[in-house]
Structures are given as C-alpha cells and as structure tokens.
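Note that these values count all heavy atoms, side chains included, but never hydrogens, waters or copies made by symmetry.
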Amino acid sequence: MTVTVVVADDDPLVRTGVGMLLRSAPDLAVVGEAADGAAAVELVRRDRPDVVVMDLRMPGTDGTAATRAITADRADDPDLLTRVLVLTTFHDDDAVYGALRAGASGYLLKHAAPADLVPAVRRVAAGDAWLDPAVASRVIAALVDTDPDRDDPPQLLARLTAREREVLTLMAHGRSNDEIAAGLVLSGATVRTHVNRILMKTGTGNRTNAVILAFRSGLVDPRR
C-alpha cells in the first residue's frame, strides 16, 4: 500500500529536499506541502494523509499547535488516521516534550533525515513510534519520573485488559506492530485494535506516551 504524506516546513528548500527523499521510495507519495501549521491542518482535513512530516518552528501556527489540532481532530473523527512525524533542528527538551505531549508519533532531527526519514515515515504510518536516538534517552529519563498532567499510572493501567497490558509491555520493549502480532500469534489488525484501545483508555494519545506510561507505572523496567 502507498503511504500518503504531507510535508510542512516554512523553508521551500527543505520542503523540496524532503519531498525528493520521500518520492525516492516506491511506497511513499507526497500529496501536499504546507508553509505553516495552519495550512498543514487544512491539508490534513481535506486530503487525510497517512503522515505529516512537521517542522516545529513556523510562522503563525507553529508545528506543536498544528500537531495538537490534528490530534484533536483524530479524537473527534475515528476515521482520521493521520499521524505526525516531527522533523526539526531543535533538540532541546521543551521542544521534544511539547511535541510529544501534543500528540506527535515521532521525532526526528534534520541532520539524520537522509538515513532515517523514509523508515521513520513508514514506522509512524504503521502506528509505531520513532524517536531520534539523540533525544530518546533524555525523553525516557525525564518523562518516566515526572508528568504532572497525567493521572496516576497504576489507575490508568487498571483500565486495561490482560491482553492489552501484554501488548503494552511489548510496545515498551520496542516491538513494532508486526513483531507483536508474530510474537502473540495475532493478526496485524487485531494488534492495531489493541494499540488503539490502549491509547484511548489511558489517554496517552500516541505510542511514545503509552510506552512512557508503561515505564512510570512499573509495568516495564526502563533499565532493562
């Protein structure tokens, strides 16, 4: 299946370069470009792409606000499946945490784009998470212990069935949906249903935040 992508960046040269990289993959199709966050949100509402590759710093509506709007649209419309992959030069903690809390499914630094952009888009489109290695360890270390905007982690886990806890555990160990399906002898569609229910019941919004919840609750030890 072809993965449809919108590229949102205020720099036309970056949009062109990212578009060329994505079009080089036979299973990816760029269906739109946006120069700011508001235009990206409108493209998502109109064209319903699988993934938005989103810059953070843009004039007017920035990438974090646009990601939050897309996440809200997804909550209101179960048929909207668009996921956000942040692609930015900013790797400071506030930028990373803000984007993830807004609902981004992946975070990629621009210097890594040639090697990792295409696989990151594929993983995010499949419902998996992607964190640039340069920020991943800091994200886990900081968010495992503190997240004042969340309910008590054990209470959130109590909402899950035994199977959903099993799936969340495998997610926290870095397994993709396909790997979870193979390990539990389930169909890919069934795993996606479990993942969506985990996100809904816990209010985590995306796979990365669900994994952080698994660490904070003690379901999985992040040191192992």
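Side chains of L22 and V3 form no contact here, defined as non-hydrogen atoms less than 4.5 Å apart. A 4.5 Å side-chain heavy-atom check between L87 and V18 finds at least one atom pair inside the cut-off. Two residues are said to be in side-chain contact when any heavy atoms from C-beta on lie closer than 4.5 Å; L108 and D116 meet this criterion. Residues V44 and P49 have side chains in contact (heavy-atom distance under 4.5 Å, counting atoms from C-beta outward). Here the side chains of L186 and H194 are in contact, with some heavy-atom distance below 4.5 Å. Side-chain contact between L184 and V191 is absent, with no heavy-atom pair separated by less than 4.5 Å. Looking at heavy atoms from C-beta onward, Y107 lies in side-chain contact with T88 at the 4.5 angstrom threshold. You'll find the side chain of L168 stays beyond 4.5 Å of the side chain of T202, heavy atoms only.
Note that CD1 of I180 and OG1 of T169 are 9.5 Å apart. Values are rounded to the nearest 0.5 Å. Rounding to the nearest 0.5 Å places CG of L109 at 10.0 Å from CG of L131. The CZ atom of R48 lies 11.0 Å from the CZ atom of R74; values are rounded to the nearest 0.5 Å. Here R163 contributes atom CZ and I198 contributes atom CD1; the two are 11.0 Å apart, rounded to the nearest 0.5 Å.
Under the salt bridge (charged side-chain N to carboxylate O under 4.0 Å, His left out) criterion, D178 pairs with no residue, sequence neighbours left out. R45 meets the side chain to side chain donor-acceptor pair (under 3.5 Å) test with E42, D73; sequence neighbours excluded. Residues satisfying the salt bridge (charged side-chain N to carboxylate O under 4.0 Å, His left out) criterion with R122, sequence neighbours excluded, are D27. Taking D128 as the reference, R123, R207 meet the salt bridge (charged side-chain N to carboxylate O under 4.0 Å, His left out) condition, with sequence neighbours excluded. Under the rule for a salt bridge (charged side-chain N to carboxylate O under 4.0 Å, His left out), E179 has no partner lying at least two apart in sequence or in another chain.
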Under 3.5 Å, which donor-acceptor pairs do the side chains of residues 62-70 form with other protein atoms, sequence neighbours left out?
from	atom 1	to	atom 2	distance (Å)
D62	OD1	T64	N	3.3
D62	OD1	A65	N	2.8
T67	OG1	G63	O	2.8

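Other residues, nucleotides and ligands place no more than 12 heavy atoms under 6.0 Å from the CZ atom of R197.
Here the side chain of T4 pairs a donor or acceptor atom with the backbone of D50 at under 3.5 angstrom. Of the possible donor and acceptor atoms, none in the side chain of D55 sits under 3.5 Å from a partner among the backbone N and O of D10. Although no hydrogens or angles enter the test, the distance criterion places a donor-acceptor pair under 3.5 Å between the side chain of R165 and the main chain of L157.
A continuous path of Ile, Leu, Val, Met, Phe, Trp and Tyr side chains, each step under 4.5 Å between heavy atoms, connects L170 with L219, placing both in one hydrophobic cluster.
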